[in-house]
Amino acid sequence: MDILQFEKQFLNLPSPVEEIHDALFEEKQIRVFIKRDDLIHPIISGNKWRKLREYIQFAQLNEVKQIISFGGAYSNHLYALAFVTKLLGMRSIGIVRGDELNTNSNSYLKQMKAWDMHLHFISRSEYQIKPIPEAIHQANSLIIAEGGFGLKAIEGIQELSKEIESYKSFEYMICPIGTGATYLGLCQSLQEVKIIGILTLNNQAEIEGNSQELGIPIQAISDQYVFGKYAKQANVLDTFCEQFHQKHQIKIEPIYTGRMFYGLYDLISKDYFKPGSQILALHTGGIKD
Ligand SMILES: *Cc1c(COP(=O)(O)O)cnc(C)c1O
């Protein structure tokens, strides 16, 4: 099945845009819209399809025998890859961080195995080098970097930008940053919009390095909502996500979209945006239940 057919049959594209309302937005005379990429598919959710699309197409057109990628035990990227390759009848291999783990360590790994992804567990120190184990090395493998980062991932975001442009023009956009592929893709293809990236890890230097190397200027990045790993702060995010869900009937999770919306509310309350501004927040998905 080719990519266009696959999208038509399995995916909800283009994803909808919805406005959300809040007394705070009214007070500050701001309108907030959400690009619901979380509705693209329950498993190949959010930015994961956008980032995989060009890789899958390349694999189909170039007789790639297997796709190899990397991730942690809860990687949304590997999870989506396992499912897509299952549907398309392609061979996939996941190299997972942590040699103390096995295919029964959590329900996601179990599920990925059930979708026929071959899982290899390597130690955390080995993982830093990301070796391809001898046993799985073979000609015509396509290797996708950790978290799906890469030129093809960035290129895949153009499709998202086209959907946004054909909908309407926004002064601002906001999205969470993991590897930064989504953020850099947006910066590359939406030059009229001010795009705010909310870091979820302390990897600003890496994002800036990639930006320079690829010649994609960064617009605005905030490291104010990383929170760190302290339980007390994690509670703040969990509570925020629950309240957000109750208020807007839209599920978010604390790692990516929770931090982004928390940051958005904070920036609005601190008058970061001029009155009259319209902001588009990208819901990058990540809800696995
Ligand atoms: C993977 C992921 C991200 C990070 O995207 P990058 O392109 O790696 O920055 C953001 N949100 C969700 C829900 C994700 O699963």
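All ligand and atom numbering here is 1-based and tracks the order in the structure.
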Problem set entry | Identity and distance of the protein heavy atom lying nearest atom 3 (C) of ligand 1 | N47 ND2, 3.4 Å
Exercise. For atom 8 (O) of ligand 1, what's the nearest protein heavy atom and its distance?
Worked result: T179 OG1, 2.6 Å
Has ligand 1 got any nitrogen or oxygen that is less than 3.5 angstrom from a nitrogen or oxygen of [X]?
| X | result |
| --- | --- |
| I177 | no |
| T284 | yes |
| K51 | yes |
| K48 | yes |

Problem set entry | Element-labelled atoms of ligand 1 that are located less than 4.0 Å from some non-hydrogen atom of T182 | 5 (O), 6 (P), 7 (O)
Problem set entry | Cationic tip of K130 above Y127 ring, under 6.0 Å, 45° of axis | yes
For this session: Taking atom types as modelled, find out whether Q9 and Q5 have a side-chain donor-acceptor pair closer than 3.5 angstrom.
Result: no
Exercise. Do any heavy atoms of G46 fall under 4.0 Å from ligand 1?
Worked result: no
Exercise. Counting only N and O atoms by type, is there a donor-acceptor contact under 3.5 Å from the side chain of S75 to the main-chain atoms of G72?
Worked result: no
Exercise. Counting only N and O atoms by type, is there a donor-acceptor contact under 3.5 Å from the side chain of S211 to the main-chain atoms of I207?
Worked result: no
